[in-house]
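These notes concern the structure reproduced below.
What you see is a predicted model; the values in this text were computed from it and never measured. Order of listing sets the numbers, starting from 1, for every ligand and every atom in it. Nothing fancy with the numbering, it's 1 onward along the sequence.
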Amino acid sequence: MRVNILGVGFDNLTMAEALARGRELLDAEGTHYVVTPNPEIVETCRANAEAMAAVNGADLVLPDGIGVIYGAKIRKTPLKERVPGIEFGTSMIEYCAKTGKSVYFLGAKPGVAEQAAERLKARYNGLIVAGTHDGYFKDDAAAAGWVRESGADMALVCLGAPKQELFMARYGAATGARLLLGLGGSLDVFAGVAQRAPKFYVDHNLEWFYRLIKNPSRIGRIMKLPLFLVHAAAEKKG
Ligand code: UDP
């Protein structure tokens, strides 16, 4: 049973449980995809039915960000824990390196996916990079074809929301990969182009605040967090 928050159904799993499920999906027949919505993405889905269907159509819907955990608590349907997409993705990449499964990196500005792949290869012995491409392509079908031709077992799809969720829902099967992970700005972090918040901010659930002081132009996006909590509380009463 998924926990419904404003129309998005979240899987109620710990990180360890989510990873166990991710490994199963990587070995299962067919193509599966994982999404990691934060409050901003939930708000986007409320305004965009196609994005909502793409998110709910995922095989794993993981709560990225403390806002979703608070939202679930307000609604008295608590989720076990936060499952940050970047941490889930890192562990899945490590698993692929250990088991000889290949990974495609799709997304971010030109050059970033290559740099991310190089740094991850240096970090995880034996990691097989099936291919890389930036996320500013025009033809989604062609992009799916690049992944298919590479023969990748897993693909990181980092195009921002809701572009990555729509791509995975529409073209996931055409990639031929077993597992697709929609991970937003993660390639920028893997490449070292963007930094994740220092541990203090992560531990105190203040990652959103760190992002805001680093990049004040995100204020419009970050203001969706209180809006999301107001909506979550209102839905409970209604
Ligand atoms: N991006 C992309 N193609 C696009 C738009 C965005 O590849 O058409 C990339 C962008 O370069 C960045 C990521 O998608 O690497 C989205 O980053 P953002 O910080 O918005 O993601 P978040 O993790 O906050 O959802």
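- Ligand 1 is surrounded by G107, A108, K109, G135, Y136, C158, L159, G160, K163, G184, G185, D188, R211, R218, R221, each with at least one heavy atom closer than 4.0 Å.
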Just distance, no hydrogens or angles: give the donor-acceptor pairs under 3.5 Å from side chains in residues 167-177, sequence neighbours left out.
{"unit_1": "R170", "atom_1": "NE", "unit_2": "E50", "atom_2": "OE2", "d": "3.3"}
{"unit_1": "R170", "atom_1": "NH2", "unit_2": "E50", "atom_2": "OE1", "d": "3.3"}
{"unit_1": "R170", "atom_1": "NH2", "unit_2": "E50", "atom_2": "OE2", "d": "2.4"}
{"unit_1": "T175", "atom_1": "OG1", "unit_2": "G172", "atom_2": "O", "d": "2.6"}
{"unit_1": "T175", "atom_1": "OG1", "unit_2": "A177", "atom_2": "N", "d": "3.2"}

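- Evaluation of the salt bridge (charged side-chain N to carboxylate O under 4.0 Å, His left out) test over residues 31-48, restricted to residues two or more places apart or in two chains, returns E40-R221, E43-R46.
- Using the six-membered ring where Trp is involved, F137 and W146 have ring planes that are perpendicular, over 60° apart on the 30 and 60° scheme.
- Linking ILVMFWY residues whenever their side-chain heavy atoms come closer than 4.5 Å, directly or via other members, places I74 and I69 in the same cluster.
- Environment of CG in D139: crowded, with over 12 heavy atoms of neighbouring residues, nucleotides or ligands closer than 6.0 Å.
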Donor-acceptor contacts under 3.5 Å from residues 89-100 side chains, at least two apart:
{"unit_1": "T90", "atom_1": "OG1", "unit_2": "I86", "atom_2": "O", "d": "2.6"}
{"unit_1": "S91", "atom_1": "OG", "unit_2": "E87", "atom_2": "O", "d": "3.3"}
{"unit_1": "T99", "atom_1": "OG1", "unit_2": "Y95", "atom_2": "O", "d": "2.8"}

